[in-house]
Structure formats: C-alpha cells, structure tokens
Amino acid sequence: MEWVNTLDRAAQEAALSEIAPKLLLEAPKRPAERQLPDLPKAVEGAVVLRLPPEPSGYMHLGHAFHGLVNYLYRERYRGFLWLRFEDTNPKKVKPEYYESYREGYRWCGVRWDAEKNNSDDMILYYDYARRLLEAGHLYVCSCSKEEMARQRAEGLICSHRSLDTSWHLEKWDAMLSGSMSEGEAAVRFRGDPLSQNTALRDPVLFRIVDHPHPLKGEKFIVWPTYDFAAAIQDAVCGVTHVLRTSEFMFRDALQDSIRERLGLKNPVYVEYSRFEFEGTPLSRRRIRELIERGVVGGWDDPRLGTVLAARRRGITPEALKEFVKSYVALTPSRKLYSWDLLYAINKRILDPKTPRLFFTPQPRKLIVKGMGRKTVTAPLHPSLDMGSRVIEAGETLYIAGEDAETLRPGDRFRLKYLANLKVLSLADRTVVCEVEDGGPEPGLRVLQWVPEGSRRLEVIVPDLLFRGEEVNLESLRLVEGLAEPYESQLPLGSVVQFERFGYCVKDSPGLYVFTHR
RNA sequence: GCUCCGGUAGUAUAGCCCGGACAAGUAUGCCGGCCUUUCGAGCCGGAGACCCGGGUUCAAAUCCCGGCCGGAGCACCA
C-alpha cells in the first residue's frame with residue numbers, strides 16, 4: 001500500500017489497468033445520492049402536505065428544512081403542498097412576517113401549490129363550533145385561568161361541564177356578540193379530565209382575544225386556538241400527511257378527536273425531533289432575547305441560524321436542499337448538526353462558480369527591488385474558465401501580515417502569477433526583496449499579494465455564538481486587509497474566494513462576511 | 001414532579017419493524033500521501049461507533065426486561 005502511494009496518479013492508473021481494468025471503469029465519483037425515506041401510506045399523486053408557519057418572527061434553518069422536506073416529498077409523490085399561515089393569535093402575528101416566510105421559502109427553492117391563512121375560515125370554525133356545542137362536545141366555561149389550570153392539573157371536572165346545552169349556546173352567542181371581555185369565558189373541549197395526556201383534559205378551543213388582527217382587523221373577537229384551527233384546516237385542506245416536530249406529539253390525539261366528532265378524516269403523522277445546529281440557538285424567543293440584549297446585531301447577524309443570516313453568509317439554497325437529502329433523518333432522536341456538514345456541501349456548490357481573488361489580511365509592505373511596472377493577467381478560477389483579471393504591479397506591494405512574519409532574509413518564495421523573490425531584509429515592518437528569474441517551481445512557497453492602491457476592506461468572521469451554555473464573546477471577529485482592485489467591480493451579494501483565506505460574501509462596499517474556508 | 005419518546009465513530013446518517021451475508025456502510029471532521037503557481041478543489045490511504053447490565057435464541061446493533069443518559073410535553077402560544 002505504501003508503495004502504491006508513492007506512485008503518482010498516472011502510474012497508479014497504469015498499474016491498475018493491467019491487473020484489474022474493471023475497477024477503473026466503475027467507481028462512481030460520489031456515492032449514490034441519498035434520499036428521504038418513503039412516507040408511510042403514501043400514494044403517488046394523492047399526497048397532500050402542508051407548511052404551517054406562524055407569522056410571528058423570521059424563518060430559521062429549522063423552518064427551511066421543514067419546508068424542504070415537505071417540498072421534496074411533494075416532488076417525489078407528485079403531491080400537493082399548502083402554505084398555510086397559522087395566524088389565529090392576533091397578539092402574536094405581525095403583518096411583515098407573512099411575506100418574510102414566502103420570501104424565505106422561495107429562496108430555499110420551495111414551491112407550493114396553494115396558499116391560505118387559518119384566519120380566512122373564521123365563519124367555518126364558528127359553524128363547526130356550534131355543531132359541536134349542540135352535540136355536547138364543547139362547553140363554555142367561565143372559570144378563571146388559574147382555576148382552569150388547577151382543574152386540568154388535578155384532573156378535576158369543571159362545574160360548567162354539566163350545564164344545559166342551551167346555557168352554553170347562549171354564552172357562545174354572547175361571546176361572539178362581543179358582550180364578554182377577554183378572560184371572561186372560553187370554549188372547552190369535552191375530553192377526558194383524567195387522561196394521562198394532559199392535552200385531552202378539556203383544553204380551550206376558543207377564547208376571546210380583544211386585539212386587532214393584522215389581516216382581519218377588528219372583525220372577530222373570538223379566536224380558535226391552535227388545536228382547533230389546525231385540526232379543521234388539515235381536514236379542509238385534505239392533508240394526508242402531517243410532517244412536524246415531536247413537540248406536537250401530544251396534540252395528535254386531541255386533533256384526531258376533534259375531527260372524529262365532526263366526521264372529518266385524520267391524516268398520517270410523521271413526527272421527528274427538531275433540527276438544531278451546534279452553538280446556534282434557533283428558537284425565535286431566544287433570538288429575540290439576544291437581539292434585545294444587544295448580544296447580536298439583528299435577525300441577520302451572521303452568527304444566527306436564521307434564513308436571513310444564512311443568506312447573508314453565502315449559504316446556498318442548493319446546499320440546504322442537499323443537506324436535507326443527505327443528513328436529515330425524520331427520526332425522534334436528538335439532532336445537533338455540526339456546521340461542518342453544511343459547509344462541506346456548500347463549498348462543493350460554491351467552488352465551481354466562485355472567482356478567486358487576492359486578499360491580504362493585516363497587510364505588510366513589500367518592496368521589490370529592481371522590478372519596474374509589470375502587468376499580470378491572472379485567471380479567476382484555477383481549473384474552470386471563468387476569465388481573468390489584470391493586476392498592475394509595481395515596486396511596492398503588500399502581502400499578508402501572517403506570511404510576512406514567517407519570512408527571513410535569504411528566504412525564497414513566489415508571488416503568485418508575478419515573480420520569484422528573495423528576501424533581502426526585514427526592517428520597519430517592511431519586507432525588502434529582489435527579483436529572481438524563473439517561474440513556478442515545485443516546492444517553492446507561493447504567496448498572494450496586492451498592488452499599491454488596493455482597497456482596504458473588512459471581513460466579518462463569525463464563529464459559534466455559544467460555547468455550551470455560555471455566549472461566546474469572541475464569536476465576531478473583524479479582519480481587515482487589502483483586496484486587489486478587481487474587487488471593486490463585484491456586485492453586492494457576490495461570493496468570492498479570497499485565496500488561502502476563505503469564501504466571503506460582499507455585504508456592502510468595503511465589507512465582507514466570511515462564509516467558510 | 002408526572003407523562004411520553006429516544007440512545008450506531010467528534011458530528012450527521014444507513015442498518016433495527018421482518019435476528020444470520022454487519023469482524024457494521026456512507027458523508028463530514030481528523031491524520032498521512034499524491035496532485036496543485038491557494039493552506040482551495042480533486043484523488044489515494046488510515047484511525048474512529050452499535051450507552052450499560054441481564055434475558056430469549058444455534059445466532060442480537062436488530063427482540064424482551066432493568067438501569068443510566070438525553071430530549072419533548074404538562075398555556076385562554078403555536
């Protein structure tokens with residue numbers, strides 16, 4: 001084996017073709033593309049899925065993955081996908097977030113077939129509620145929140161439960177008419193007060209929310225809770241498969257039960273643990289908190305796991321999709337992804353379409369004696385034809401501070417595409433060299449450089465926001481350096497690879513965000 | 001506290017339902033080599049895992065029981 005490794009590639013291939021030519025023919029480049037597992041009870045052409053975001057904050061990677069998972073299944077089974085906003089809590093919903101989800105999903109490459117809001121069907125909920133009230137499956141309760149919580153915790157039966165149907169109907173009408181105020185009454189499900197599953201202990205299905213809704217204004221004062229709205233909507237939308245995280249596990253029985261009492265069909269559930277990334281809080285509550293405390297700059301702070309941040313950092317939608325296919329499992333075991341997995345895929349996507357440029361962090365002056373003005377044409381990509389850029393070099397150049405540190409008088413090295421040099425002296429933080437004849441040599445160190453007049457720019461280098469439970473105070477580094485003039489031609493948002501530094505996105509003139517190596 | 005649900009290399013997964021071809025596959029990360037005018041990409045090789053203990057069985061990653069560890073839920077939020 002060791003002997004084989006001493007041979008170069010051509011020699012290895014030659015030897016192989018003699019002893020086992022077959023092996024050379026097969027050998028797929030990458031292993032067969034991984035796929036999501038089959039959906040249980042799925043029938044081609046008859047799968048209906050839904051994406052149910054609550055428009056109360058920005059999307060994070062978890063939402064993106066859920067979106068992609070649903071979309072991938074829609075493709076696989078030639079199914080139908082709903083985008084359905086769960087907006088039945090007027091106090092939490094904000095108008096700007098509806099569009100932010102649409103945009104976020106679109107950016108991820110998720111296409112949906114139809115769109116609606118849970119708040120669109122208020123009259124339908126009311127109709128169903130009346131039917132259930134009349135049949136005794138629902139009752140109006142005017143206990144205080146605290147009292148209700150006590151009952152539910154201790155498995156007690158509410159006294160309102162046994163009141164006449166006519167009383168409940170009357171109260172229901174009073175609720176709808178607006179003559180009752182918030183907290184005064186709620187509609188409860190007649191469940192099982194002693195059930196082990198506390199979701200079934202007569203939960204509230206409608207409550208009074210005296211707050212304008214961003215879409216419906218002040219038209220409604222009685223709002224269904226999540227369980228009721230979702231149960232009805234999944235049936236009304238004809239959803240066959242509900243894909244969601246396991247925190248909803250305990251709601252399945254309730255939602256099924258609501259539908260059964262209405263004679264509606266139940267979906268198949270596929271529930272899995274949430275997707276998390278190492279050192280990166282995804283919960284919107286926590287992110288909001290970090291923003292308020294000033295720990296991060298905003299929803300698009302590059303250290304965050306929001307879609308906004310990922311986009312800004314140069315994570316591509318293709319990478320997200322590929323990630324979902326290769327690394328996401330729809331299982332209930334805990335997942336804590338390391339960013340490296342995503343980076344590796346992203347790199348593979350970025351590499352063939354990203355120009356290479358020279359960037360010298362913490363630049364150090366370099367004087368090249370005896371070199372007049374010289375113009376070099378350097379390719380923008382090492383192996384693909386992406387064109388080239390022209391750099392005008394003179395006697396004064398700059399190299400990275402880190403590289404300059406390592407140089408000693410007498411050292412030889414090459415400035416990429418330019419010239420071979422020999423170090424004469426190092427004084428005043430300036431490296432003085434002389435030109436040597438010759439081109440690239442095997443083993444000769446190659447350094448990136450920039451000419452005089454290069455543009456100063458800063459690169460935001462994000463790191464993990466959290467180390468365990470602690471906020472990582474060094475999670476945002478700012479690296480400054482010089483980029484070759486060609487940089488100024490790049491439009492905002494473009495990704496470049498600063499050689500030997502890493503992939504970066506042009507965020508604003510003079511400012512880049514580091515993607516990954 | 002109560003109730004559920006999990007546990008395959010550092011990470012993510014395949015295998016588990018239907019026990020044997022699994023001395024456990026893959027990717028990523030790590031280490032070494034080749035190649036290369038980038039420490040990038042590519043190629044080759046290497047180390048690295050079935051949580052623990054019992055049981056069933058000719059045979060257990062796979063089935064059963066217990067323990068340990070981890071996660072989720074217990075709202076007039078979704």
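No experiment lies behind these values; they were computed from the predicted model shown. Chain letters run A, B, ... following the sequence lines, proteins first, then strands; residues in each count from 1. All values below come from the heavy atoms of this structure, side chains included, with hydrogens, waters and symmetry mates left out.
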Could you tell me how far [M] sits from [N] if I compare only their [atom1] atoms? Round to whole Å.
{"N": "B:C64", "M": "B:G25", "atom1": "C1'", "answer": "28 Å"}
{"N": "B:C69", "M": "B:U8", "atom1": "C1'", "answer": "16 Å"}
{"N": "B:C16", "M": "B:A61", "atom1": "C1'", "answer": "7 Å"}
{"N": "B:G1", "M": "B:U56", "atom1": "P", "answer": "34 Å"}
{"N": "B:G71", "M": "B:G53", "atom1": "C1'", "answer": "23 Å"}
{"N": "B:C43", "M": "B:G29", "atom1": "P", "answer": "12 Å"}
{"N": "B:C65", "M": "B:A72", "atom1": "P", "answer": "25 Å"}

Candidates [options] - which lies nearest the side chain of [X]:
{"X": "A:Arg251", "options": "B:C74, B:C77, B:U37", "answer": "B:C74"}
{"X": "A:Glu86", "options": "B:U38, B:U28, B:A78", "answer": "B:A78"}
{"X": "A:Val446", "options": "B:G40, B:U37, B:G10", "answer": "B:U37"}
{"X": "A:Glu247", "options": "B:A14, B:G40, B:G73", "answer": "B:G73"}
{"X": "A:Ala344", "options": "B:A78, B:G29, B:A12", "answer": "B:G29"}
{"X": "A:Gln497", "options": "B:A75, B:U28, B:U38", "answer": "B:U38"}
{"X": "A:Arg334", "options": "B:A78, B:U37, B:G70", "answer": "B:G70"}
{"X": "A:Arg356", "options": "B:C4, B:C77, B:U38", "answer": "B:U38"}
{"X": "A:Asn89", "options": "B:C77, B:U37, B:C76", "answer": "B:C77"}
{"X": "A:Phe250", "options": "B:U38, B:G29, B:G73", "answer": "B:G73"}

When the distance from [atom1] of [X] to [atom2] of [N] is rounded to whole Å, what number comes out?
{"X": "A:Leu254", "N": "B:G73", "atom1": "CG", "atom2": "P", "value": "16 Å"}
{"X": "A:His381", "N": "B:U37", "atom1": "NE2", "atom2": "P", "value": "15 Å"}
{"X": "A:Phe248", "N": "B:G73", "atom1": "CZ", "atom2": "P", "value": "9 Å"}
{"X": "A:Leu415", "N": "B:U38", "atom1": "CG", "atom2": "C1'", "value": "14 Å"}
{"X": "A:Asp227", "N": "B:A75", "atom1": "CG", "atom2": "P", "value": "12 Å"}

Indicate whether OP1 or OP2 belonging to [N] is found under 4.0 Å from a side-chain N or O atom of [X].
{"X": "A:Arg207", "N": "B:A78", "answer": "yes"}
{"X": "A:Arg517", "N": "B:A41", "answer": "no"}
{"X": "A:Thr88", "N": "B:A78", "answer": "yes"}
{"X": "A:Lys145", "N": "B:A75", "answer": "no"}
{"X": "A:Arg445", "N": "B:U37", "answer": "no"}

Base, sugar-phosphate alone, or nothing: which one does A:Pro53 contact when heavy atoms must sit under 4.0 Å apart? nothing

Need one value for A:Lys91: base, sugar-phosphate or nothing, where a base atom within 4.0 Å counts as base even if backbone is also close, heavy atoms only. nothing

Without swapping roles, check the side chain of A:Lys41 against the backbone of A:Val268 for a donor-acceptor pair under 3.5 Å. no

For A:Ser454, does its backbone N or O pair with a side-chain atom of A:Tyr398 as donor and acceptor, under 3.5 Å? no

Would you mind pulling out the nucleotide paired to [N], Watson-Crick or G-U wobble, both distances under 3.5 Å?
{"N": "B:A41", "value": "none"}
{"N": "B:A21", "value": "none"}
{"N": "B:A49", "value": "none"}
{"N": "B:A9", "value": "none"}
{"N": "B:U62", "value": "none"}
{"N": "B:A72", "value": "B:U3"}

Does the salt bridge (Lys or Arg N to Asp or Glu O under 4.0 Å) test come out yes or no for A:Glu154 and A:Arg150, once each step is laid out? CA-CA 6 Å; A:Glu154 295 172 20; A:Arg150 212 194 91 228; 3.8 Å; yes

A:Arg477 atom CZ, neighbour heavy-atom count above 12 within 6.0 Å: no

A:Glu115 bridged to A:Arg102 by N-O distance under 4.0 Å: yes

Hey, is A:Arg414 close enough to A:Glu441 for a salt bridge, meaning N to O under 4.0 Å? no

Closest heavy-atom pair, A:Asn197 versus A:Phe250, reported as atoms and distance to 0.1 Å, is ND2-O, 3.0 Å

To check you understand the geometry: which heavy-atom pair defines the closest contact between A:Asp202 and A:Arg190, and what is its length? OD1-C, 3.7 Å

Side-chain donor/acceptor of A:Glu441 to base of B:U37, under 3.5 Å: no

